[in-house]
Amino acid sequence: MKMTAVEELKSSRWADEVELEGGALPLPTEVIENGYKILTEYKFDGEKKVKVVRMHKIEKRIFSKSIAVRKTWKKFGESSNDKPGPNPATTIIAEDVYMQYITSKEEDNKQEDDGLDKLKSLGEKAAVKCRTCSGEHWTTHCPWRDTALAGGKVPDDKKGISGTNGEPSKTGNKYIPPSLREGAVRIRSDNPNMNRRDDASALRIANLGEDTTEQEIEDLVKPFGPVQKLFLARDKITGACKGFGYIHFKFKGDAAKAMQKLHGYGHNHLILNVDWSKPQQHNN
DNA sequence: GATGAGCGG
């Protein structure tokens, strides 16, 4: 919440407030009063001297321990004689960012306990469980990650809470990302393959020497058509080529041509083995 | 001979 009041200063009041020489303006102040932060500053509006009072409702603030500690320091240097708190003359007060917490502390704790209990009861076989729908898959942006396949169900307290206007739900207390709110357009497809690697025009090229490089493969393959992605399997530690790689062509026809030409082709004293890449299978 | 990495919890 933010309220701003602008008040023209009458010269009498003005004189009361100004203890400074010349036409200088009084220093801005910042006061915190029962849940509101009141910022008062003075400025010229043309010839008029104007007092601007702004009130912010303070919802909840993030306090960092290090900031708290820093605030206990004694002022030093040119600020040694300043009063406590920020001196608006030397401190730029940027727009404060207030966080609105949608989950309460109590609920957080409860959730943690729940999680622990579940872990205990599940024992060793507690493989993967979606945090959103409890399905047997990683949460990774769930909603309802491939739905029926997920084997999960939407918890009751997640049902029917929404609001597509970017505001947190009124009925629920959990944050629902816009993409998951009622009425949101579902982008994710129900077809599991839609969101996976598409190997339709990908070749697997094997029997490569240990010192093969991506560049080499690219050169080998480029002439057949545009390449979308090229992967050369390498040993994670040594970095040596594991002897195979994948080329995703933009067009299947190009891939076919490349396969035809390159399969059995001699490269660095080795005979290449080229075939369609078999789509990686995935267990849901 | 080998069917790509990594992020979780």
Side-chain angles (χ1 to χ4, degrees), chain A residues 103 107-146 149-155 158 174-175 177 179-180 188 192-222 226-250 252 254-256 258-259 262-284:
Chain A
T103 326
E107 272 156 355
D108 279 345
N109 293 337
K110 205 176 95 205
Q111 278 208 330
E112 262 172 39
D113 293 347
D114 284 352
L116 267 178
D117 288 349
K118 273 178 201 150
L119 260 186
K120 278 178 203 147
S121 65
L122 282 168
E124 313 247 315
K125 63 185 175 108
V128 276
K129 188 161 211 178
C130 173
R131 284 176 182 139
T132 309
C133 78
S134 318
E136 288 173 18
H137 58 87
W138 290 109
T139 309
T140 313
H141 310 129
C142 166
W144 341 136
R145 203 175 163 165
D146 298 334
L149 299 167
K153 51 190 177 342
V154 185
K158 299 271 194 321
K174 291 276 190 297
Y175 175 73
S179 61
L180 306 188
R188 195 186 175 85
N193 286 320
M194 282 298 282
N195 293 296
R196 294 223 179 89
R197 185 169 47 233
D198 177 19
D199 278 5
S201 47
L203 296 180
R204 174 192 150 86
I205 178 163
N207 204 26
L208 300 164
E210 284 206 331
D211 48 1
T212 310
T213 64
E214 281 85 355
Q215 186 61 64
E216 235 177 292
I217 303 300
E218 195 189 326
D219 293 342
L220 207 57
V221 123
K222 241 184 344 206
V227 170
Q228 213 150 53
K229 187 177 146 202
L230 191 148
F231 177 87
L232 187 64
R234 288 179 175 282
D235 187 286
K236 241 182 295 184
I237 295 148
T238 67
C241 173
K242 287 206 278 192
F244 63 97
Y246 299 88
I247 301 105
H248 288 246
F249 280 94
K250 211 156 195 158
K252 192 163 184 174
D254 293 339
M259 181 170 78
L262 292 180
H263 182 63
Y265 181 87
H267 176 74
N268 290 345
H269 311 287
L270 291 169
I271 312 252
L272 296 184
N273 181 338
V274 184
D275 198 358
W276 296 108
S277 158
K278 296 195 185 76
Q280 186 193 42
Q281 46 185 340
H282 191 280
N283 27 319
N284 266 309

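Lettering of chains follows the sequences in order, A, B, ..., and the numbering in each one begins at 1. Only a predicted model underlies this, so the values are computations on that prediction, with no experimental measurement involved.
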Do the side chain of A:D235 and the main chain of A:A240 share a donor and acceptor less than 3.5 angstrom apart?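 Absent.
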Can any side-chain N or O of A:T132 pair as donor or acceptor with the backbone N or O of A:T139 at less than 3.5 Å?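 The answer is no, because no donor-acceptor pair under 3.5 Å joins these two groups.
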Qualifying residues under ring-ring contact (aromatic ring centres under 6.0 Å, His included), relative to A:Y246, sequence neighbours excluded: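 Per chain and number, A:Y246 pairs via ring-ring contact (aromatic ring centres under 6.0 Å, His included) with A:F244.
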Measure [atom1]/[X] against [atom2]/[N] and give the value in whole Å, please.
X: A:F244; N: B:dG1; atom1: CZ; atom2: P; result: 14 Å
X: A:E214; N: B:dA5; atom1: CD; atom2: C1'; result: 13 Å
X: A:Y246; N: B:dG4; atom1: OH; atom2: C1'; result: 6 Å
X: A:R234; N: B:dG6; atom1: CZ; atom2: P; result: 14 Å
X: A:L232; N: B:dA5; atom1: CG; atom2: C1'; result: 14 Å
X: A:L230; N: B:dT3; atom1: CG; atom2: P; result: 18 Å
X: A:H248; N: B:dT3; atom1: NE2; atom2: C1'; result: 10 Å
X: A:K278; N: B:dG1; atom1: NZ; atom2: P; result: 14 Å

Does any part of the side chain of A:W276, heavy atoms only, come nearer than 4.5 Å to the side chain of A:K252, both counted from C-beta?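 Yes. Closest side-chain heavy atoms under 4.5 Å.
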Worked check of side-chain contact (heavy atoms from CB on, under 4.5 Å) between A:T213 and A:R234: CA-CA 9 Å; A:T213 64; A:R234 288 179 175 282; 4.3 Å; yes
Would you state whether a donor and an acceptor, one from the side chain of A:T139 and one from the base of B:dG9, lie under 3.5 Å apart?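 Indeed, a donor on one side and an acceptor on the other fall under 3.5 Å apart.
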Residues in side-chain hydrogen bond (donor to acceptor under 3.5 Å, both in side chains) with A:N268, at least two apart?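 Result, side-chain hydrogen bond (donor to acceptor under 3.5 Å, both in side chains) vs A:N268: A:E216.
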I want to check one thing: is the phosphate of B:dG4, taken as OP1 and OP2, less than 4.0 Å away from some side-chain N or O of A:R204?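 Looking at the OP1 and OP2 atoms of B:dG4, neither is under 4.0 Å from any side-chain N or O of A:R204.
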Going from CG on A:L220 to CG on A:L262, what distance comes out if it is rounded to the nearest 0.5 angstrom?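 CG of A:L262 is found 5.0 Å from CG of A:L220.
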Can A:W138 be called stacked on B:dG9 when the rule is centres closer than 5.5 Å and an angle between planes below 30°?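 Taking the rule of under 5.5 Å and under 30°, the ring of A:W138 does not stack on B:dG9.
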Kindly state which residues belonging to residues 235-242 of chain A come within less than 4.0 angstrom of DNA chain B, counting heavy atoms of the residue only, listed by number.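 Correct list: A:K236, A:K242.
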Could you work out which one of B:dT3, B:dA5, B:dG9 sits closest to the side chain of A:F231?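 So the nucleotide nearest the side chain must be B:dA5.
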